[in-house]
Amino acid sequence: MKKLLIVTFLGLLTACSILGTTYSGNTIADNTLKSDVEQYLGKLFFYDTSCRVSSIHTEIDKVVFQPDGVTPKASYETWTATGCDQTRKFNVQMVADKNGETDITVGMKP
């Protein structure tokens with residue numbers, strides 16, 4: 001009986017995304033930047049679906065590099081969010097500013 005309760009509880013945690021969003025795919029974003037993007041994306045997803053994001057798949061569409069040819073200046077990506085058996089795609093732009101921070105733009109794809 002204890003095993004059944006534990007399995008049921010873990011299933012509920014996973015279904016409710018209490019354990020956090022899972023990621024797959026490729027992105028230039030580190031964990032901090034992923035979290036920042038997810039905040040914006042999650043709000044748009046919730047407003048459109050009334051659900052929370054449970055997983056995100058990331059794809060790099062284009063990267064523009066600084067003159068050194070190594071450091072990214074901007075990244076244009078497609079992030080696909082899923083939750084409650086619903087999926088939405090988002091355009092995500094991350095652009096480095098002169099202060100060493102990153103400006104983020106998130107918009108829903110048509």
Side-chain angles (χ1 to χ4, degrees):
M1 184 61 132
K2 284 184 180 181
K3 287 183 181 180
L4 178 60
L5 289 175
I6 291 171
V7 170
T8 302
F9 179 69
L10 289 175
L12 288 173
L13 287 177
T14 304
C16 295
S17 296
I18 293 173
L19 296 177
T21 305
T22 59
Y23 283 87
S24 62
N26 296 309
T27 179
I28 67 158
D30 61 11
N31 287 336
T32 301
L33 195 50
K34 279 182 186 178
S35 177
D36 292 345
V37 172
E38 185 182 340
Q39 285 183 11
Y40 294 110
L41 184 149
K43 288 176 185 176
L44 291 171
F45 187 85
F46 187 82
Y47 291 142
D48 192 52
T49 65
S50 298
C51 291
R52 296 182 193 271
V53 174
S54 60
S55 65
I56 296 174
H57 179 76
T58 58
E59 300 172 54
I60 298 172
D61 299 322
K62 179 182 177 184
V63 178
V64 177
F65 291 94
Q66 300 282 3
D68 66 9
V70 176
T71 308
K73 178 178 182 178
S75 182
Y76 304 91
E77 302 182 359
T78 299
W79 289 36
T80 304
T82 302
C84 300
D85 293 323
Q86 299 185 62
T87 301
R88 300 291 184 275
K89 290 187 178 237
F90 297 87
N91 289 316
V92 175
Q93 298 176 15
M94 296 171 278
V95 180
D97 68 13
K98 63 183 177 182
N99 299 321
E101 298 176 349
T102 305
D103 295 327
I104 302 166
T105 305
V106 179
M108 195 175 279
K109 283 192 165 197

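Just so it is clear, the values below take in all heavy atoms, side chains as well, and ignore hydrogens, waters and symmetry mates. Note that the structure is predicted; figures quoted are calculated from it, not measured.
- Closest heavy-atom contact between His57 and Gly25: CE1-CA, 3.5 Å.
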Output a table of donor-acceptor pairs, distance under 3.5 Å, between side-chain atoms of residues 37-51 and any protein atom two or more places apart or on a different chain; print 'none' if there are none.
| residue | atom | partner | partner atom | Å |
| --- | --- | --- | --- | --- |
| Glu38 | OE1 | Tyr23 | OH | 2.7 |
| Glu38 | OE2 | Thr21 | OG1 | 2.5 |
| Asp48 | OD2 | Arg88 | NE | 2.5 |
| Asp48 | OD2 | Arg88 | NH2 | 3.4 |
| Thr49 | OG1 | Phe45 | O | 2.7 |
| Thr49 | OG1 | Cys51 | N | 3.1 |

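- Residues Ile56 and Thr22 form no side-chain contact, since every pair of their non-hydrogen atoms from C-beta on lies 4.5 Å or further apart.
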Acceptor/donor pairs from residues 96-110 side chains to any protein atom, 3.5 angstrom cut, sequence neighbours excluded:
| residue | atom | partner | partner atom | Å |
| --- | --- | --- | --- | --- |
| Asp97 | OD1 | Asn99 | N | 3.0 |
| Asp97 | OD1 | Gly100 | N | 3.2 |
| Asp97 | OD1 | Glu101 | N | 2.8 |
| Lys109 | NZ | Thr78 | OG1 | 3.0 |

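- Residues forming a side-chain hydrogen bond (donor to acceptor under 3.5 Å, both in side chains) with Thr80 (at least two apart in sequence, or on another chain): none.
- With hydrogens and angles disregarded, a donor-acceptor distance shorter than 3.5 Å links the side chain of Thr58 to the backbone of Ser24.
- The two atoms that bring Ala29 and Met94 nearest to each other are CB-SD, 4.0 Å, heavy atoms only.
- In the hydrophobic clustering (ILVMFWY side chains linked at under 4.5 Å, chained through shared members), Val95 stands by itself.
- One finds the CG atom of Asp36 at 11.0 Å from the CG atom of Asn31 (value rounded to the nearest 0.5 Å).
- The side chain to side chain donor-acceptor pair (under 3.5 Å) pairs that include a residue from residues 65-77 are Thr27-Glu77, Asp68-Thr71, Ser75-Glu77, Glu77-Trp79, where partners are two or more places apart or lie in different chains.
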